[in-house]
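These notes are about the structure you will find just below.
Every chain is numbered from 1, with letters handed out A, B, ... down the list of sequences.
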Amino acid sequence: MSEIKKLDYSFYTRTDPIQIAKELLGKILITRFNNVLTSGRIVETEAYAGVTDRASHAFGGRRTKRTETMYHKGGTAYVFLCYGMHHLFNIVTNEREIPHAILIRSVEPLQGIETMLKRTGKKKLDYTLTRGPGNVSKAMGLSTQHSAKSLLSNQIFLADDGYRVANSQIGSTPRIGVDYAGEDAMLPYRFMIKENKYVSGKRGDRRLKTLGKG
DNA sequence: CGACCGATCGTCT
DNA sequence: GACGATCGGTCGA
């Protein structure tokens, strides 16, 4: 039935990270390391809007060894170590020198669930397997060694299998864990498929707003 | 439920 | 030397 298409530069190099963060909902993240395949449908994202966004590592045009990857061309992986133990996977967007990125916060497991269980040390499949950015990376086998890798490769890439998410199914809230960002901490740059059990956070998040008509 | 806490280490000041 | 774009557990109401 629906054909699977790898997302390419025409998807990643667009200029609006908010739009891309929304469109990423429903797309599939796939990794294939040593011929071991795992995949999951993206259900939660956060947009980091470049040099003017206080929540972004690239705020103010900051360039360090770590953040340099954010200045790569759209379609590059940006993975960093958070709290000394979690690897957080981002998708770089926009053209080279414009450090936009989308954090993948949660996916719904599709293929390679046994592998994901092994990687995470969990016993059985439940919503904790790929809920939250640290868990996504762990289950998908992603770590900082993959930062700056191309997302057009066959090891790490995204795909569209025809699954569509209506605007009425999309919720938005402020981003998680960015209190240090002052006013920008309140921007509604976190997007999720409403009522999906793999979305992080508590049920009935009061801050959740619906896009489009409910 | 909500609040809090410990784990753990690369990066930047 | 301080601090995270987190997570899972515990404790108390």
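Look at the P atom in both dA13(C) and dC5(B): the space between them is 15 Å, to the nearest Å. Atom P of dT13(B) sits at a distance of 14 Å from the matching atom of dA5(C), rounded to the whole Å.
Here dT6(C) is the nucleotide among dG8(C), dT6(C), dG10(B) with the atom lying nearest to any side-chain atom of Ile176(A).
At a cut-off of 3.5 Å, with distance as the only test, no side-chain donor of Ser56(A) or Arg62(A) sits close to an acceptor on the other residue. Side chains of Thr130(A) and Glu108(A): a donor-acceptor N/O pair is absent below 3.5 angstrom, by distance only. Of the N and O atoms on the side chains of Asn154(A) and Lys6(A), at least one donor lies less than 3.5 Å from an acceptor on the other residue.
Taking a 4.0 Å limit (strictly below) on heavy-atom distances, residues 83-112 of chain A reaches DNA chain B at Tyr83(A), Gly84(A), Met85(A). For the segment residues 125-151 of chain A, no residue has any heavy atom less than 4.0 angstrom from an atom of DNA chain B.
Tyr78(A) meets the side chain to side chain donor-acceptor pair (under 3.5 Å) test with His57(A); sequence neighbours excluded. Judged as a salt bridge (charged side-chain N to carboxylate O under 4.0 Å, His left out), and not counting sequence neighbours, Lys65(A) has no contacts.
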Counting only pairs under 3.5 Å, give me each side-chain donor-acceptor contact of residues 109-116 of chain A, with atom names and distances, residues two or more places apart or in other chains.
{"unit_1": "Gln111(A)", "atom_1": "OE1", "unit_2": "Ser39(A)", "atom_2": "OG", "d": "3.0"}

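Atoms CZ (Arg66(A)) and P (dG10(B)) sit 13 Å apart, rounded to a whole Å. Between the P atom of dT11(B) and the CZ atom of Arg63(A) lies a distance of 17 Å, rounded to the nearest Å. At whole-Å resolution of the value, CZ in Phe80(A) and P in dT11(B) are 12 Å apart. Whole-Å rounding puts the Phe59(A) CZ to dG4(C) C1' distance at 17 Å. Following rounding to the nearest Å, Leu81(A) (CG) and dA2(C) (P) show an atom-to-atom distance of 19 Å.
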Check step by step if side-chain contact (heavy atoms from CB on, under 4.5 Å) holds for Thr38(A) and Ile30(A).
CA-CA 6 Å; Thr38(A) 48; Ile30(A) 300 160; over 6 Å; no
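In this structure, Glu23(A) pairs ionically with Arg14(A), as a charged nitrogen and a carboxylate oxygen lie closer than 4.0 Å. In summary, Lys73(A) and Glu95(A) do not engage in a salt bridge, as defined by a charged side-chain N under 4.0 Å from a carboxylate O. Checked for salt-bridge contact, Arg175(A) and Glu46(A) miss the test: no charged N lies under 4.0 Å from a carboxylate O.
Among the atoms of the strands shown, only primed sugar atoms or phosphate atoms (P, OP1, OP2) are found under 4.0 Å from some heavy atom of Arg62(A).
The side-chain tip of Arg96(A) does not point at the ring of Tyr71(A) from less than 6.0 angstrom away and within 45° of straight on.
Applying the 5.5 angstrom centroid cut-off and the 30 degree plane-angle cut-off, the aromatic ring of Tyr48(A) is stacked upon the base of dA5(C).
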Dot-bracket pairing map - DNA chain C, Watson-Crick plus G-U, both contacts under 3.5 Å, | cross-strand:
||||.|||||||.
